[in-house]
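Notes to accompany the following structure.
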Amino acid sequence: MRMIFVNLPVKDVQRSKAFFAELGFGFNDEFSDEKTICMVVEENIMVMMLEHDRFAEFINGDISDATTTTEVLNCLSVDTRDQVDGLIAKAIEAGGKPWKPTAEMGPMYGGSFQDVDGHVWELVHAES
């Protein structure tokens, strides 16, 4: 079984945890500490959020400022169009920012937001 761990720099893990908890995500305490949180997307998909000084231990070079540049697009599938709209609304209410407007893309419907650190999260629903 493979797993994926997406690693993102954040300014304050507690603020990020509160933000994503508002969106309904859970966390794995086994992979979390005072400078790192592990958000569970699915059983084998985790997003590690590390405060800048901790994140810097794992990279060469500088940490991108996600509020001024786009370093990655995180795209999650959802089950319905209503979930796209609902999660974006929750994200904005919890302190995130709108990114691109929702759009129809053939059989897909999607939208996006920026989290409290500026990371872009896309949500997409595909009609089957």
Side-chain angles (χ1 to χ4, degrees):
M1 166 180 61
R2 286 185 174 238
M3 297 178 77
I4 184 167
F5 291 86
V6 175
N7 293 268
L8 297 174
V10 299
K11 293 179 182 158
D12 180 334
V13 293
Q14 293 309 313
R15 180 177 180 216
S16 293
K17 185 174 184 176
F19 176 81
F20 284 102
E22 286 290 320
L23 302 184
F25 289 97
F27 301 88
N28 182 329
D29 291 335
E30 182 179 351
F31 297 117
S32 301
D33 60 29
E34 66 279 349
K35 293 198 177 251
T36 306
I37 56 172
C38 177
M39 181 177 81
V40 179
V41 176
E42 290 279 332
E43 179 183 357
N44 297 325
I45 304 170
M46 312 290 179
V47 177
M48 304 298 296
M49 296 180 208
L50 301 91
E51 289 192 2
H52 283 216
D53 58 335
R54 180 78 172 120
F55 188 86
E57 295 174 20
F58 293 94
I59 66 168
N60 294 329
D62 297 325
I63 295 172
S64 296
D65 180 354
T67 63
T68 61
T69 60
T70 304
E71 87 278 58
V72 66
L73 297 174
N74 301 292
C75 185
L76 300 175
S77 63
V78 296
D79 295 329
T80 67
R81 292 170 61 104
D82 287 343
Q83 285 181 322
V84 170
D85 296 334
L87 281 171
I88 291 170
K90 282 183 181 180
I92 293 166
E93 186 177 308
K97 295 180 181 172
W99 198 57
K100 290 197 173 228
T102 56
E104 299 276 349
M105 301 161 280
M108 298 187 307
Y109 176 75
S112 56
F113 64 88
Q114 285 183 301
D115 67 22
V116 294
D117 286 284
H119 304 293
V120 175
W121 294 84
E122 294 181 317
L123 302 166
V124 67
H125 167 67
E127 296 289 335
S128 36

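We're numbering straight along the sequence, starting at 1.
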query = Between I63 and V6, is there a shared hydrophobic cluster once you connect ILVMFWY residues whose side-chain heavy atoms come closer than 4.5 Å?
reply = no
message = Assigning hydrophobic clusters by single linkage (Ile, Leu, Val, Met, Phe, Trp, Tyr; side-chain heavy-atom cutoff under 4.5 Å), is V47 placed with F5?
response = no
inquiry  = Within this structure, what is the CG-OG1 distance for the pair L50 and T36, rounded to the nearest 0.5 Å?
reply    = 4.0 Å
note = So salt bridge (charged side-chain N to carboxylate O under 4.0 Å, His left out) across residues 97-114, not counting sequence neighbours, yields R81-E104
query = Between CG of D115 and CG of L8, what distance do you get to the nearest 0.5 Å?
reply = 7.0 Å
query = Using 4.0 Å as the upper bound for N to carboxylate O, is an ion pair formed by K90 and E93?
reply = no
ask   = Is it true that F58 and F31 fall in one hydrophobic cluster, defined by side-chain heavy atoms closer than 4.5 Å?
value = yes
query = Can you name the closest pair of heavy atoms from E34 and E51 and give their distance?
reply = O-OE2, 4.1 Å
ask   = Heavy-atom distance under 4.5 Å between the side chains of M46 and V40, does that happen here?
value = yes
remark   = Which of F19, F20, F25, W99 passes ring-ring contact (aromatic ring centres under 6.0 Å, His included) with W121? It is F20
query = Any link between L23 and M49 through a network of hydrophobic side chains (Ile, Leu, Val, Met, Phe, Trp, Tyr) touching at under 4.5 Å?
reply = yes
key: Non-hydrogen atoms of C38 and S32 that approach each other most closely   = N-OG, 3.0 Å
key: Contact summary for V116 and S16, nearest pair of heavy atoms   = CG2-OG, 4.1 Å
message = With a 6.0 Å cut-off (strictly less than), is the heavy-atom count around CD of E42, excluding the residue itself, greater than 12?
response = no
ask   = Which distance, rounded to the nearest 0.5 Å, do you find between the CG of D29 and the CD1 of I37?
value = 10.5 Å
ask   = Atom CD of E127 and atom CE of M108: how far apart are they, to the nearest 0.5 Å?
value = 11.5 Å
inquiry  = Taking I4 as the starting point, is it possible to reach M48 by hopping between hydrophobic residues whose side chains are less than 4.5 Å apart?
reply    = no
inquiry  = Testing the basics here: between K35 and D53, what is the closest heavy-atom pair and its distance to 0.1 Å?
reply    = NZ-OD2, 2.7 Å
key: Heavy-atom pair of closest approach, residues P98 and I92   = CG-CD1, 3.9 Å
key: Short side-chain to backbone donor-acceptor contact, N7 and F55, under 3.5 Å   = no
ask   = Do the side chains of F27 and V13 get nearer than 4.5 Å, heavy atoms only?
value = no
note = Interatomic distance, OG1@T102 vs CD1@I88, rounded to 0.5 Å, equals 6.5 Å
inquiry  = I need the M3 CE to E43 CD distance, nearest 0.5 Å.
reply    = 7.5 Å
Give the table of side-chain donor-acceptor pairs shorter than 3.5 Å for residues 69-78, with sequence neighbours excluded, one pair per line with atom names and distance.
| from | atom 1 | to | atom 2 | distance (Å) |
| --- | --- | --- | --- | --- |
| T69 | OG1 | D65 | O | 3.2 |
| E71 | OE2 | H119 | ND1 | 2.9 |
| N74 | ND2 | V120 | O | 3.2 |

